[in-house]
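Start at 1 and go down the list; that is how both ligands and their atoms are numbered.
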Amino acid sequence: RARELVVGYALTSKKAKSFLQPKLRGLARKKGIQFVAIDQKLPLSDQGPFDVILHKLTGKEWQRRLEEYRDTHPEVTVLDPPGAIEHLLNRQSMLQEVSKLDLADCHGKVGVPKQLFVNTDPLSIPAAVMRAGLSLPLVAKPLVAKSHELSLAYDSASLTKLEPPLVLQEFVNHGGVLFKVYIVGDAIRVVRRFSLPNVDEGDLSNNAGVFRFPRVSCAAATAEDADLDPHVAELPPRPLLEILARELRRRLVPEILALVSFASFDAI
Ligand SMILES: Nc1ncnc2c1ncn2[C@@H]1O[C@H](COP(=O)(O)OP(=O)(O)OP(=O)(O)O)[C@@H](O)[C@H]1O
Ligand SMILES: O=P(O)(O)O[C@H]1[C@H](O)[C@@H](O)[C@H](OP(=O)(O)O)[C@@H](OP(=O)(O)O)[C@H]1O
């Protein structure tokens, strides 16, 4: 019998709970894969030995320790090396790559919302937005992606309440439905979720302030079985998803050995 493969994992307790489900552990055990929790208080070299380190932690100190460990343990596969995912976590560099995609005549079109990176005094945001020609309302997202941290600013004055560094994006009306696309290797899975409703002129004049919407399009907002207008409900064409998956893998994650299933991207 082949030797067991040891996967050391460093995940938040939330992530360990959602990812390391009993079913996954059982399947892994059958395939000779053992998951071992990494103790973040101890040096990595004193633990293991590991064949793979699976992590989804950020933070400068953790990244430094991981890079140092990679230097001294080149035989261990780290999913994913901090340097390889940096540009993917950064919402500015992430979208820059997407905007370079030339997908004309590919069964659909891919658009990137007009966006502005802000890292200045919040009081100067309204003027910066004006100079960039962005129209309200604006979606505000922290520069370094943190899942579900989003706000919507309806009026110029409220922009001063935001906390840079962040990106501001024009709100793209998308019919209140979003398709979330999960890609692991060659497998592509699409789910339909409820999203923010379209915004019209009336909403703009009747609303002011910054609204947080952390749970929008989360798993509980499934629209799989909803009775939707077929125009809105129709899934993106398969060939478009395949091209997108291929191109994004090539441009965003070339050095990544495996795109771990808990990374997902949204297509609106
Ligand atoms: N520019 C935009 N215009 C309109 N709606 C948007 C825009 N950006 C984001 N949204 C809404 O916010 C939701 C989440 O956006 P986004 O995918 O950027 O966040 P996220 O934190 O990366 O999400 P996740 O972690 O679930 O992948 C989308 O489902 C969509 O409803
Ligand atoms: O359940 P879906 O709609 O797939 O949304 C996921 C997000 O896209 C992920 O970013 C979350 O993981 P992180 O909280 O590690 O970013 C992930 O957190 P989870 O693994 O704890 O459920 C989910 O919130």
Side-chain angles (χ1 to χ4, degrees), residues 9-21 23-24 54-59 62 79-80 82 85 87-99 110-118 129 132 134-154 162 166-184 187-200 203-204 207 210-224 228 232 236 244 248 252-253 259-268:
Y9 66 88
L11 304 171
T12 60
S13 51
K14 174 191 97 120
K15 179 61 73 186
K17 205 164 143 225
S18 65
F19 180 66
L20 291 172
Q21 302 267 341
K23 199 170 160 193
L24 177 69
L54 178 68
H55 79 110
K56 198 175 177 193
L57 299 177
T58 47
W62 169 253
L79 295 175
D80 288 302
I85 47 178
H87 63 300
L88 186 63
L89 285 174
N90 181 306
R91 291 196 189 271
Q92 197 188 22
S93 51
M94 187 205 309
L95 268 201
Q96 266 159 9
E97 284 303 319
V98 180
S99 63
V110 175
V112 173
K114 218 173 183 186
Q115 129 164 337
L116 174 70
F117 166 55
V118 177
V129 163
L134 258 56
S135 308
L136 293 160
L138 294 175
V139 181
K141 311 180 182 188
L143 177 67
V144 178
K146 199 151 175 255
S147 61
H148 312 303
E149 274 213 16
L150 296 143
S151 320
L152 190 59
Y154 278 100
L162 297 170
L166 50 83
V167 294
L168 292 172
Q169 270 176 13
E170 281 191 345
F171 187 90
V172 180
N173 277 341
H174 52 284
V177 172
L178 157 133
F179 301 106
K180 192 153 184 167
V181 184
Y182 297 88
I183 300 167
V184 182
I188 301 180
R189 185 158 176 259
V190 190
V191 296
R192 196 187 282 120
R193 303 260 174 94
F194 284 111
S195 178
L196 296 172
N198 287 352
V199 174
D200 61 26
D203 298 319
L204 266 182
N207 285 297
V210 174
F211 295 80
R212 297 194 60 230
F213 51 100
R215 302 310 306 162
V216 68
S217 307
C218 67
T222 177
E224 272 332 313
L228 297 166
V232 173
L244 254 183
L248 291 179
L252 285 176
V253 288
L259 182 54
V260 186
S261 71
F262 45 54
S264 63
F265 78 86
D266 297 354
I268 50 176

If you measure every N or O of [X] against every N or O of ligand 1, does any of those distances drop under 3.5 Å?
X: Leu150; answer: no
X: Glu149; answer: no
X: Ser147; answer: no

* Answer yes or no for Arg193: is there a heavy-atom contact with ligand 2 below 4.0 Å? =>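 It does; at least one heavy atom falls under 4.0 Å.
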Examine the proximity of ligand 2 to [X] and report which part, side chain or backbone, both or neither, has a heavy atom under 4.0 Å away.
X: Tyr182; result: side chain
X: Lys180; result: side chain
X: His148; result: side chain

* **Winner among Val112, Val216, Val172 once heavy atoms are compared against atom 4 (C) of ligand 1** =>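 The option holding the nearest heavy atom is Val172.
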* Below 4.0 angstrom from a heavy atom of Ser147, which ligand 2 atoms are there? Numbered from 1 as shown, please. =>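 This gives 10 (O), 11 (C), 13 (P), 14 (O), 16 (O) as the contact atoms.
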* Asked: Which of the atoms of ligand 2 are close to Lys14, meaning less than 4.0 Å from one of its heavy atoms?
  ->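 Close to Lys14: 14 (O), 18 (O), 19 (P), 21 (O).
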* **Part of Gln169 with heavy atoms under 4.0 Å of ligand 1, whether side chain, backbone, both or neither** =>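 Looking at Gln169 and ligand 1, just side chain atoms fall under 4.0 Å.
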What atoms of ligand 1 come within less than 4.0 Å of a heavy atom belonging to [X]?
X: Phe171; answer: 3 (N), 4 (C), 5 (N)
X: Leu178; answer: 28 (C), 29 (O)
X: Arg91; answer: 18 (O), 19 (O), 20 (P), 21 (O), 22 (O)

* Measure up the Trp62 and His55 rings against each other and bin them: parallel (under 30°), tilted (30 to 60°), perpendicular (over 60°). =>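 Correct class here is tilted.
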* Can you tell me if Gln115 has a non-hydrogen atom under 4.0 Å from ligand 1? ->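 No, Gln115 has no heavy atoms under 4.0 Å from ligand 1.
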* **Contact check, Lys180 vs ligand 1, heavy-atom distance below 4.0 Å** =>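 Flag set, Lys180 near ligand 1.
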* Mind listing the closest non-hydrogen atom pair of Leu228 and Arg192 along with its distance? =>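 Heavy atoms of Leu228 and Arg192 come nearest at CD1-CD, 3.6 Å.
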* Could you verify whether a donor N or O on one side chain and an acceptor N or O on the other, from Gln169 and Lys114, lie under 3.5 Å apart? =>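 There is no such pair (donor and acceptor under 3.5 Å, judged by atom type) between the side chains of Gln169 and Lys114.
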